[in-house]
Each structure stands twice: as C-alpha cells, then as structure tokens.
Protein chains: 2
Amino acid sequence: MPQTHPPDCPGCAAPDLAFAAHDHAHCAADALARAEAVTAANNSRLTPVRRRVLEILLEDHRALGAYDVLARLAADGFGNQPPVAYRALEFLVEQGLAHRIQRLNAFTACAHPGEAHAPAFLICRACHSVAEAEAAPAREALDREAGRLGFAIERTTLEALGLCPSCKAAA
Amino acid sequence: MPQTHPPDCPGCAAPDLAFAAHDHAHCAADALARAEAVTAANNSRLTPVRRRVLEILLEDHRALGAYDVLARLAADGFGNQPPVAYRALEFLVEQGLAHRIQRLNAFTACAHPGEAHAPAFLICRACHSVAEAEAAPAREALDREAGRLGFAIERTTLEALGLCPSCKAAA
DNA sequence: CTTGACCTGTTATGATATTACATACATAGA
DNA sequence: TCTATGTATGTAATATCATAACAGGTCAAG
C-alpha cells in the first residue's frame, strides 16, 4: 500500500467506507497517516500504545469494547490493566481519531480524521459494522427543537440501529 | 391535586414540562394515571414494585441510575437485588412509560406516556434535568442520510448535552 | 383446586469504568 | 550534561452497571 497517493484516490473519495467495498488496507494506512498529522499539529504524541490501539480499531469498521482492546494490547506486551486501554482510547477520542459508541459501550476508529465533524453513527445489528453518516442536518433539526425550549446544545449523541445494505439484502 | 382535570389543563398543554415552571404534583399524578390506562390497554400489570419505580422516576425530571432506584425500593421494603430494579425499569421502558438515557446509563419517566413517540433527550450538564424534545425532524434527516448509504434505520438514540434555560441564565 | 403464566426474591457473576499511586520517559533550562 | 518538570505508562484496588439462573409466590382460567 502506498504511503502517499493521489488526491483523487477513489478510496478516499468514497462517501462512506464502512458499508462499501473498498481497499481497506489503504483505508487504514491512510487513517494512520492522518493521525500522525493530526497529533503533530496538536502537539500531542501518538505513542506506541496509542498508535497500537488506533491500529487495532482500524482493523475493521466495527466498535470494540475497552476490554477487547486491552486484551489485544496485553498480547502485544503492553500493560493489561483497564486504565491502559481507557487512557489510550480517551486520548484518541479527544484527538478526534476515534469515537465512542454509547449504545455499545465501545469505540470505533474515526473514518474522517482531521476533518472537524460530529458524526451520526449507523450501527448494523446483524454484522455489527459501524458507519459514520453526516450529522449536520439532524443536528440542525435538533438545534431548532432545543431552541424552542431555550436549551443550548453543546454536544449530541446521534446513533441509529438497523441493517446495513448487505445484511438487509441477506434478510 | 385533582385526580381528574380539564382537557385544556395548562400543565398538560405545556410543550415541555421539564424546563418550564409547572405544577409538578399534577404532572406526576397525571403520568401515573396515564400509566394505569396504558398498562390496562396492553393487558400488562402495573404491580406495586413497578408502580413505585415509576413514582420514584416521576419525582423530578431527572434520570436515575438503576442502583439509585434500587436503594429507594429497598428502603420501601422491596427486594434489594439489582434484578428487582432492572426488571421493573425494563417493563416501564417496554410499555413506553420510561426511557433509558444511554449517555447516563440511567432512566427517566416518560413525559408523554400513551402517545407513540421516539423522543430526543435534552440533558442539562449543570442541573442534570432531562427533557424530551420532538425527534421527528432529526429522525427524518437521519433517515435521508442513512438511505443514501443503503442503511435501514430501525431505532435511534438522539441525546443532546448542554445547558437548560435556567442554567444558561445562571452562567 | 390444580395448572400454567407471570412476577418477585436471591445468589452469584459478568461487564464496564475509575481512583490512586508508583514508575518511567521525554525534553527544556541551568 | 544534569536535573527539574510535565507527561505517559504500569499496577492494584475498587466502584459502577448489568445479567444469568433458579427458587418461591401470586393469581386467574380451566
């Protein structure tokens, strides 16, 4: 897989990679490269544990529980106490490199690192894949409703459970 | 507080009770009466434990953890093991009489029992009150985004964290 | 008055998450 | 280079949230 690639790379242009067939090795490598850039820009450090956690999350478009991540870390010779995983995950979330899925108490790698966004998540109840969808329209709708009640929204959790295209076809 | 009240009751007409000054005793009594009606209509039973859990949730417009509910139950002479609380809460959620707030791992009484709805929740990070907002517009926006990706949404979790009117004014 | 469905109680355990403290590492300033 | 500082990691202990499995009770239909 190339460390650099053309700006019109079809993989990167795909609106959503989780449900579409795509060159996943590229997808993951690209996310990792972006992560390097993001952390450098933020003066934060993508240390070995943090990098490894991101790699683990990038293995597929699923959400992993903290203890699943921890088990993988321990197998790789890192510490095997919960804070090791939770701290790395928290770091990645802060940096916008991963997201927490509230419904699953689990974490997934960000599909669009570096781009400011607060996505909505589409969670397939059959294959457990997780995709990011554009949340802006829904967020605006919520803002309108909240404004009516005088409530000032700061952060939103938008998660949808359902069937992804392939599982829908299979059913 | 009246056991019955006019259909144009101002309390019931309030678009959202959580953030607005209102006759809360009335609000709670009304919700309880509706709960009786809903369970009767569904051929399910609002037993003493379940009723008591609902009363506890109705004490204010907040979300309570299962163990908080459990402590209250135990103090009232009900069982004090987790399943007692979880089962009653699960029942209330199934009947549409309570909602689970994913972000808080907690439960809140439904503000509009009997009306079919899948609300969005507005959670004040300062006073921890929880209000229900109309989710339909946001849900439709999500449906459009999901449709674009071929994803079929079945259920959504829409939760917003921010400041309620009074906490916003105080800040 | 018994059967079957459902509800409640209890024990035990599993799953998720945090606090507190000790140690190690990176790096900037003396 | 040395050392002080901030930051990161390791570990133990514990807190918090949730469920499985089974025993006993209640109640209404047959």
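By convention in this document, chain letters (A, B, ...) are assigned in the order of the sequence lines, proteins followed by strands, and residues within each chain are numbered from 1.
For the pair B:Leu46 CG and C:dT8 P, the computed distance is 10 Å after rounding to whole Å. In this entry the distance linking CG of B:Asn105 with C1' of C:dT16 reads 9 Å, nearest Å. Straight-line distance from the CZ atom of B:Arg51 to the P atom of C:dC7: 17 Å, rounded to whole Å. Put simply, CD on B:Glu90 is 14 Å from C1' on C:dC6, counting in whole angstrom units. With rounding to whole Å, A:Phe107 atom CZ is found 11 Å from C:dT16 atom P. Rounding to whole angstrom units, CG of residue A:Leu89 and C1' of C:dT18 are separated by 14 Å. Rounding to whole angstrom units, CG of residue B:Leu92 and C1' of C:dC7 are separated by 14 Å. Rounded to a whole Å, the OH atom of A:Tyr86 is 7 Å from the P atom of C:dT16.
Identified under the ring-ring contact (aromatic ring centres under 6.0 Å, His included) test for residues 150-171 of chain B, with sequence neighbours left out: A:Phe19-B:Phe151. Note on residues 157-171 of chain A: pairs passing side chain to side chain donor-acceptor pair (under 3.5 Å), not counting sequence neighbours, are A:Thr157-B:Arg103. Evaluation of the side chain to side chain donor-acceptor pair (under 3.5 Å) test over residues 77-86 of chain A, restricted to residues two or more places apart or in two chains, returns none.
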Detail all sub-3.5 Å separations between protein N/O atoms and N/O atoms belonging to nucleotides 5-15 of chain D.
residue: D:dA8; atom: OP1; partner: A:Arg50; partner atom: NH1; Å: 3.4
residue: D:dA8; atom: O5'; partner: A:Arg50; partner atom: NH2; Å: 3.4
residue: D:dT9; atom: OP1; partner: A:Thr47; partner atom: OG1; Å: 2.5
residue: D:dG10; atom: N7; partner: A:Arg87; partner atom: NH2; Å: 2.5
residue: D:dG10; atom: O6; partner: A:Arg87; partner atom: NH1; Å: 3.0

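For A:Phe107, there are no ring pair (Phe, Tyr, Trp, His ring centres under 6.0 Å) partners, not counting sequence neighbours. With sequence neighbours left out, A:His24 forms a ring pair (Phe, Tyr, Trp, His ring centres under 6.0 Å) with A:His22, A:His61. Every residue two or more places apart in sequence or in another chain was checked for a side chain to side chain donor-acceptor pair (under 3.5 Å) with B:Glu94, and none qualifies.
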- Convert the base pairs of DNA chain C into dot-bracket notation, remembering that pairs crossing earlier ones are written with [ ] and that bases paired across to another strand are shown as |; include only Watson-Crick or G-U pairs under 3.5 Å. ||||||||||||||||||||||||||||||
Using residues 118-126 of chain B as the side-chain source, report each donor-acceptor pair under 3.5 Å to any protein atom, sequence neighbours left out, with the distance given to one decimal.
residue: B:Arg125; atom: NE; partner: A:Glu154; partner atom: OE1; Å: 2.6
residue: B:Arg125; atom: NE; partner: A:Glu154; partner atom: OE2; Å: 3.3
residue: B:Arg125; atom: NH2; partner: A:Glu154; partner atom: OE2; Å: 2.8

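Inter-residue side-chain proximity for A:Leu46 and A:Val38 is flagged as unmet; no heavy-atom pair is nearer than 4.5 Å.
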